[in-house]
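See structure below.
Computation of the quantities below employed the complete heavy-atom set of this structure, encompassing side-chain atoms and omitting hydrogens, waters and symmetry-equivalent molecules. All residue numbers in this chain count up from 1 along the given sequence.
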Amino acid sequence: MRWMESETNGANQTVVTEFVLLGLHDHHNLEMVLFVLCLGIYSVNVLGNTLLIGLNMLDPRLHTPMYFFLSNLALMDICGTSSFVPLMLVNFLETQSTISFPGCALQMYLTLALGSTECVLLAMMACDRYVAICQPLRYSELMSWHTSMWMAALSWGAGFANSLLHSILTWSLPFCGHNIINHFFCEILAVLKRARGDISLNTLLTVVSAAVLTLAPLLLIFLSYVLILTAILRVPSAAGRHKAFSTCSAHLTVVVIFYGTLSFMYFKPKAEDLYLDKLIALFYGIVTPSLNPIIYSLRNAEVKAAAIALLRGDLLSRKMARFPVVL
């Protein structure tokens, strides 16, 4: 355990240079089980989302704004889990899990940034589905590639700017003495508990950012689906209603799982046993991103068709046929 002595106003203070991630070190056997489970789920996450990105690049039928946003979501899920899972897996095998002060700052920044970005991106995807179903004749005009790029850039920019502001305020606080973080990784609320200064401004920023980047996108998603449902109910044939709803059912499923887990994690009554809270956070951070490629592959006919074409070799053969063979 490393410490650094500093003198402030004539008094010695022990400044933290690294943190201890407590995890579940009191239950080492459980950590071994979690190591196997998390390694398997993380592998599914990386492989599944990489496959989604590859299919979207290879299949011309998937070169639409909807699948462009889906590729962004897949990239987000890969980066989000990779920001903390590899180190967490190593820590499961260690007797004491430590992370440097800069490493903790980077981990907190990335996890918060990518989580915030996903909230905004899901709202952008809902807007895309609204235009596709409620304004189908103007879809190509309203959802041009230029517009899609700006919507994706806004999602990434808002999430990373929010995380930067949180990070500046958090790491400007003094961290002295106790350096144990009761979590698997450097989650912002767990980090703030170790601060020795006034965190009232951090609390205010957390409430404001939650309203702007979590509740506002959720409200936009809700309004979009109210309008979508109204438009679908106006379709005269049952086949037409089913076809219209099938185009947004995968996105709606992802939204329900994402916000359902998020709400349960942050709004449920605090458990006396903190192990439950940490396991729920682990589920939210690892399992939820891994479900996205499964949901989109099972509930989306175009993705399933592209996956079958890839397995048959049709996608790669068509792609290679575009390049002339030089003898």
Side-chain angles (χ1 to χ4, degrees), residues 45 48-49 52-53 56 62 64-81 83 110-135 139 142-143 147-163 208-229 232 244-267 281 283-300 302-303:
N45 171 32
N49 284 299
L52 268 183
I53 295 173
N56 293 340
L62 303 184
T64 64
M66 171 182 166
Y67 294 107
F68 169 70
F69 290 133
L70 179 57
S71 293
N72 277 264
L73 181 64
L75 178 61
M76 218 171 284
D77 288 336
I78 293 173
C79 295
T81 52
S83 65
L110 290 176
T111 53
L112 181 59
L114 291 161
S116 303
T117 302
E118 186 160 350
C119 291
V120 182
L121 184 67
L122 288 174
M124 298 300 176
M125 295 174 76
C127 293
D128 170 71
R129 292 299 84 207
Y130 161 76
V131 176
I133 293 175
C134 300
Q135 302 284 337
Y139 181 75
L142 296 176
M143 292 301 301
T147 303
S148 301
M149 290 289 290
W150 272 108
M151 291 171 70
L154 176 62
S155 302
W156 288 91
F160 276 77
N162 170 64
S163 184
V208 172
S209 63
V212 174
L213 294 178
T214 305
L215 296 181
L218 180 59
L219 179 61
L220 182 59
I221 292 170
F222 176 76
L223 292 175
S224 298
Y225 274 104
V226 167
L227 296 173
I228 287 171
L229 183 60
I232 290 176
F245 185 75
S246 65
T247 63
C248 56
S249 60
H251 174 258
L252 184 58
T253 304
V254 169
V255 168
V256 169
I257 293 174
F258 178 82
Y259 274 100
T261 310
L262 186 66
S263 300
F264 183 74
M265 183 170 64
Y266 286 108
F267 296 112
F283 177 89
Y284 169 76
I286 297 183
V287 178
T288 303
S290 305
L291 294 176
N292 292 346
I294 298 173
I295 293 169
Y296 272 96
S297 61
L298 291 178
R299 302 187 67 88
N300 191 293
E302 291 174 316
V303 173

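The side chain to side chain donor-acceptor pair (under 3.5 Å) analysis of residues 119-131, with sequence neighbours excluded, yields the pairs Asp128-Tyr139.
Taking the side chain to side chain contact (heavy atoms under 4.5 Å, CB included) definition, one finds that Ser116 meets it with Leu112, Asn162, Leu213, sequence neighbours left out. Listed by chain and number, the residues in a side-chain hydrogen bond (donor to acceptor under 3.5 Å, both in side chains) with Asn49 are Asn45 (sequence neighbours excluded). Under the side-chain hydrogen bond (donor to acceptor under 3.5 Å, both in side chains) criterion, Thr147 pairs with Ser144, not counting sequence neighbours. Residues satisfying the side chain to side chain contact (heavy atoms under 4.5 Å, CB included) test with Val208, not counting sequence neighbours, are Leu204, Val212. Qualifying side-chain hydrogen bond (donor to acceptor under 3.5 Å, both in side chains) partners for Thr247, counting only residues two or more places apart in sequence or in other chains: none. Ser246 is linked by a side chain to side chain contact (heavy atoms under 4.5 Å, CB included) to nothing, counting only residues two or more places apart in sequence or in another chain. Checked against ring pair (Phe, Tyr, Trp, His ring centres under 6.0 Å), Tyr259 has no partners two or more places apart in sequence or in another chain.
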Solution key, residues 66-75 side-chain donor-acceptor pairs under 3.5 Å, sequence neighbours excluded:
| unit_1 | atom_1 | unit_2 | atom_2 | d |
| --- | --- | --- | --- | --- |
| Tyr67 | OH | Asn300 | OD1 | 2.8 |
| Tyr67 | OH | Asn300 | ND2 | 3.1 |
| Tyr67 | OH | Glu302 | OE1 | 2.4 |
| Ser71 | OG | Asn56 | ND2 | 2.6 |
| Ser71 | OG | Tyr67 | O | 3.1 |
| Asn72 | OD1 | Trp156 | NE1 | 2.9 |
| Asn72 | ND2 | Phe68 | O | 2.8 |

Side-chain donor-acceptor pairs of residues 218-229 under 3.5 Å, sequence neighbours excluded:
| unit_1 | atom_1 | unit_2 | atom_2 | d |
| --- | --- | --- | --- | --- |
| Ser224 | OG | Leu220 | O | 2.8 |
| Tyr225 | OH | Cys248 | O | 3.3 |
| Tyr225 | OH | His251 | ND1 | 2.6 |

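Taking every heavy atom of both residues into account, Ile295 and Ala250 meet most closely at CG2-O, 3.8 Å. Summarising the geometry of Val120 relative to Ala158, their closest heavy-atom pair is CG2-CB, 4.4 Å, with the distance given to 0.1 Å.
The closest donor-acceptor contact from the side chain of Thr261 to the backbone of Phe258 lies at 3.5 Å or more, if one exists at all. Side chain of Ser263 to backbone of Gly260: no donor-acceptor contact under 3.5 angstrom is found.
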